[in-house]
Amino acid sequence: MTPSALKRPLLFSLLALGLATATASAAPAPTDRQADRWDLTALYASDAAFDADAKKLSAQLQQLGACKGQLGTRLKSCLDLVADARKRVNTLTTYAAQYYDQDTGDSKGNQLNQRAALLGNDFSQASTFLQPEILALGSKRIDAMLAKDKGLQLYRFQLSNMLRSAPHTLDAAGEQLVAQFGLATSSAASVYRTLANAEIPWPTVKLSDGTQVRLDQAAYTKYRGDDNRADRKLVFDAFFGKWKEYERTFGETLYGQLKTDAAYAKVRHYADSQSAALDADNLPPAVYQTLIAQTNANLPTLHRYFKLRARMLGVKDLAYYDVYAPLLKSDRSFPLAEGKQMMLASVAPLGPDYVKALTAAVEARWMDVYPRPRKVAGAYMNGDAYDIHPFVLLNYTDNYEAVSTLTHEWGHAMHSVLANKAQPSIYAPYSIFVAEIASTTNEALLLDARLKQARDDDERLLYLGAALENLRGTFFRQAMFAEFEAAIHGKVDKGESLTGEEITAIYAGILKRYHGEAQGVMTIDPAYALEWAYVPHFYHGYYVFQYATSIAAAQDFAQRILDKEPGALAAYLKMLGAGGSAYPYELVKAAGVDLASPKPYQALVARMNGIMDQIEAIEAKRGK
């Protein structure tokens, strides 16, 4: 672990789940009041204030240079300096990012982003000496220093985590060599992004209503769920047909990334690339293994969902292009004020203090609410400004999905509020392994509240259908991606080559198994197996599985909180407040959910079956 890796970015986004389009909608917002935009003066009141803080950071980095070779006598003061400098660079970076995202066409935002990136790089360069020197001191010397200096106790876990990496850390010359090669081995993802987002000549298709659509990634996301089945097939055929033309090229870029991951794992003395990736958060391999095993054991539940989807859509031969079609249409509108009240009512089981803090936060201009031209797309929470507060970006559109997204992102924000309140800045940042639990637990509470207040079966079906698709997309789909990643990494770790055609074949086999082709549940056109090339997450190895583990944990936490199980709420809130002060697996386990055991995955599947029971009961009542 490098010093820069001690701090993980707290940008938690629905873009990562593939739930947002690539560009913000240009539709007019219901309102465009200043009250519905975030107030960045909370970070810096003026350009001069930003400049002044940047100068303070530069001065701190100069001071940090004097710590080189001195950690044996100045460890606490140097760690204090690093912590404060990191906090400052995070605030600068947050301001630049939020300024840019509110209007991507404003050149000032781009300049701020570039400047913040340079400052971040300066910090990383200035602090690179930290871990090698701490490892050189060794655990015995560090333990003696901790015993002698009570003020150093703050850094006990941080130091322990750094020392844990000793078996996988090279000598100074080796680390320098690895760092140099890092500049030359990071091109695969960059080439992918450029080709996939800027250079592919996307096809134009004519929909059944005569609409001409340039089928780029944003348009695919929009039209893949079209009401007209022939249009859905047209969109899938054209979109993945274009990816097929670049199968060899994307095969090379992904193979290049896999080779890089395998090489770094080997150089750092890991058994394989999966072990190296999981070790970053000290996650036991059993978490990954149990997730895949339990997902496969419960594929009949996924197949049951697809059969239910086919019946509700009135389709006898369900195809892959039918997966995104809405189960039912609803014209009901949920204006922001109502959405806020729905969210606040739903989190009441988390206690009055939680509700009070969230109520104040949603009215305090911490979020940018509505879509507008040039605003960045999707939804996310950025909690990096430790001394200020989190910032939430939405593109609220007055439908139920928007209310769910509001609830999701504020779950992240409250996680940061609680962690920032309870922890010093070095331990406030938390792992994605825990982060998505906070957001999806709140979504589960929202569903429970809405079902209790639904006025009729149509409204119940709206909520049940949304929850069912969320479980399908966040658990089963992400677990499918995780199994695919394990398969392709495993081959390269063993020294085998992979072509684009071979990657497609591997993905096709997994895709067909998950979607029950052999059982007659769904037909998978081989052309759609090019989907692997469309998913950018595979260039960030062993990342997406945490969405699946998190939603499983969230279902467990939510149910125990709703059941008022003694100690469940206190343990859950303690986990959120712990931030990154302990290893994430241990934090979740201490709160009552062991993600290396089958139980949470079985609980999720039981919940999914329960939702389908309710939907089928409503359908049966209607004679369907």
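For clarity, every value in this text was computed on a predicted model and none was experimentally measured. All heavy atoms count here, side chains included; hydrogens, waters and symmetry mates do not.
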Working for salt bridge (Lys or Arg N to Asp or Glu O under 4.0 Å), residues K259 and E252: CA-CA 10 Å; K259 287 191 294 182; E252 287 295 332; 5.7 Å; no
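- A salt bridge links R164 to D279: at least one charged side-chain nitrogen sits closer than 4.0 Å to a carboxylate oxygen.
- In terms of modelled atom types and a separation under 3.5 Å, the side chain of N470 and the main chain of A466 share no donor-acceptor contact.
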Test log, rule side chain to side chain contact (heavy atoms under 4.5 Å, CB included), inputs L302 and Y514: CA-CA 8 Å; L302 180 62; Y514 270 71; 4.3 Å; yes
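- Here the CG atom belonging to L152 is positioned 5.0 Å from the CG atom belonging to L75, to the nearest 0.5 angstrom.
- Side-chain atoms of Q423 come within 3.5 Å of backbone atoms of G577 as a donor-acceptor pair (strictly under, hydrogens ignored).
- Atom OG1 in T301 sits 14.5 Å away from atom CZ in R607 (nearest 0.5 Å).
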Criterion salt bridge (Lys or Arg N to Asp or Glu O under 4.0 Å) on R304 and D613, from CA distance to verdict: CA-CA 11 Å; R304 178 190 176 188; D613 289 343; 2.7 Å; yes
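- Between H168 and Y270, the ring planes lie parallel to each other; the angle is under 30°, not in the 30° to 60° tilted range.
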Residues N90, T93; criterion side chain to side chain donor-acceptor pair (under 3.5 Å); working and verdict: CA-CA 5 Å; N90 288 343; T93 302; 5.5 Å; no
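- Each of D80, D384, D387 was compared with K87 under the salt bridge (Lys or Arg N to Asp or Glu O under 4.0 Å) criterion, and only D387 meets it.
- D281 places no side-chain N or O within 3.5 Å of a backbone atom of L283 that could act as its donor or acceptor partner.
- In this structure, I510 CD1 and E483 CD are separated by 5.0 Å, a value rounded to the nearest 0.5 Å.
- A donor-acceptor pair shorter than 3.5 Å cannot be found between the side chains of Q559 and D448.
- Of the possible donor and acceptor atoms, none in the side chain of E409 sits under 3.5 Å from a partner among the backbone N and O of V392.
- With T441 contributing its side chain and I437 its backbone, the two residues share a donor-acceptor pair below 3.5 Å.
- The closest side-chain donor-acceptor pair between S439 and E436 falls under 3.5 angstrom.
- S160 places no side-chain N or O within 3.5 Å of a backbone atom of R156 that could act as its donor or acceptor partner.
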Trace of the side chain to side chain contact (heavy atoms under 4.5 Å, CB included) decision for I611 with L471: CA-CA 10 Å; I611 291 172; L471 290 170; 3.9 Å; yes
Y585 and D594: CA distance, side-chain angles, deciding distance, side chain to side chain contact (heavy atoms under 4.5 Å, CB included) verdict: CA-CA 8 Å; Y585 168 76; D594 184 358; 2.5 Å; yes
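- Taking the six-membered ring for Trp and thresholds of 30 and 60 degrees, H515 and F306 have nearly parallel ring planes, at less than 30 degrees apart.
- Side-chain atoms of T295 do not come within 3.5 Å of backbone N or O of F476 as any donor-acceptor pair.
- Taking the six-membered ring wherever Trp is involved, the centroid distance between the rings of H412 and Y380 does not fall below 6.0 Å.
- When only modelled atom types and interatomic distance are considered, E443 and T407 share no side-chain donor-acceptor pair under 3.5 Å.
- A side-chain donor-acceptor contact under 3.5 Å links T499 to the backbone of E502.
- Aromatic rings from F391 and H389 are positioned such that their centres are separated by under 6.0 Å.
- Note: H537 and Y543 have parallel aromatic rings, judged against thresholds of 30 and 60 degrees for the angle between ring planes.
- Remark: side-chain polar atoms of Q555 are not paired, donor with acceptor, to backbone N or O of A444 under 3.5 angstrom.
- Judged purely by distance below 3.5 Å, without hydrogens or angles, the side chains of N420 and S416 never pair a donor atom with an acceptor atom.
- Each of Y572, Y354, W410, Y430 was compared with H415 under the ring-ring contact (aromatic ring centres under 6.0 Å, His included) criterion, and only Y430 meets it.
- Ring-centre distance between F538 and F484: below the 6.0 Å cut-off.
- Annotation: Y288 is in aromatic contact with F545 [ring centroid separation under 6.0 Å].
- Between the N298 side chain and the Q294 main chain, a donor and an acceptor come within less than 3.5 Å of each other.
- With a 6.0 Å cutoff to the six-membered ring centre and a 45° limit on the axis angle, R309 does not count as a cation-pi contact of Y324.
- Going from atom CG of L604 over to atom OG1 of T549 covers 11.0 Å, rounded to the nearest 0.5 Å.
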Steps toward side chain to side chain donor-acceptor pair (under 3.5 Å) verdict (N161, Y583): CA-CA 9 Å; N161 197 25; Y583 295 120; 3.0 Å; yes
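- No hydrogens or angles considered: a donor-acceptor pair under 3.5 Å links the side chains of E531 and Y320.
- Between D493 atom CG and S273 atom OG the span is 3.5 Å, to the nearest 0.5 Å.
- With respect to the salt-bridge test (charged N to carboxylate O, under 4.0 angstrom), the residues R477 and E469 do not qualify.
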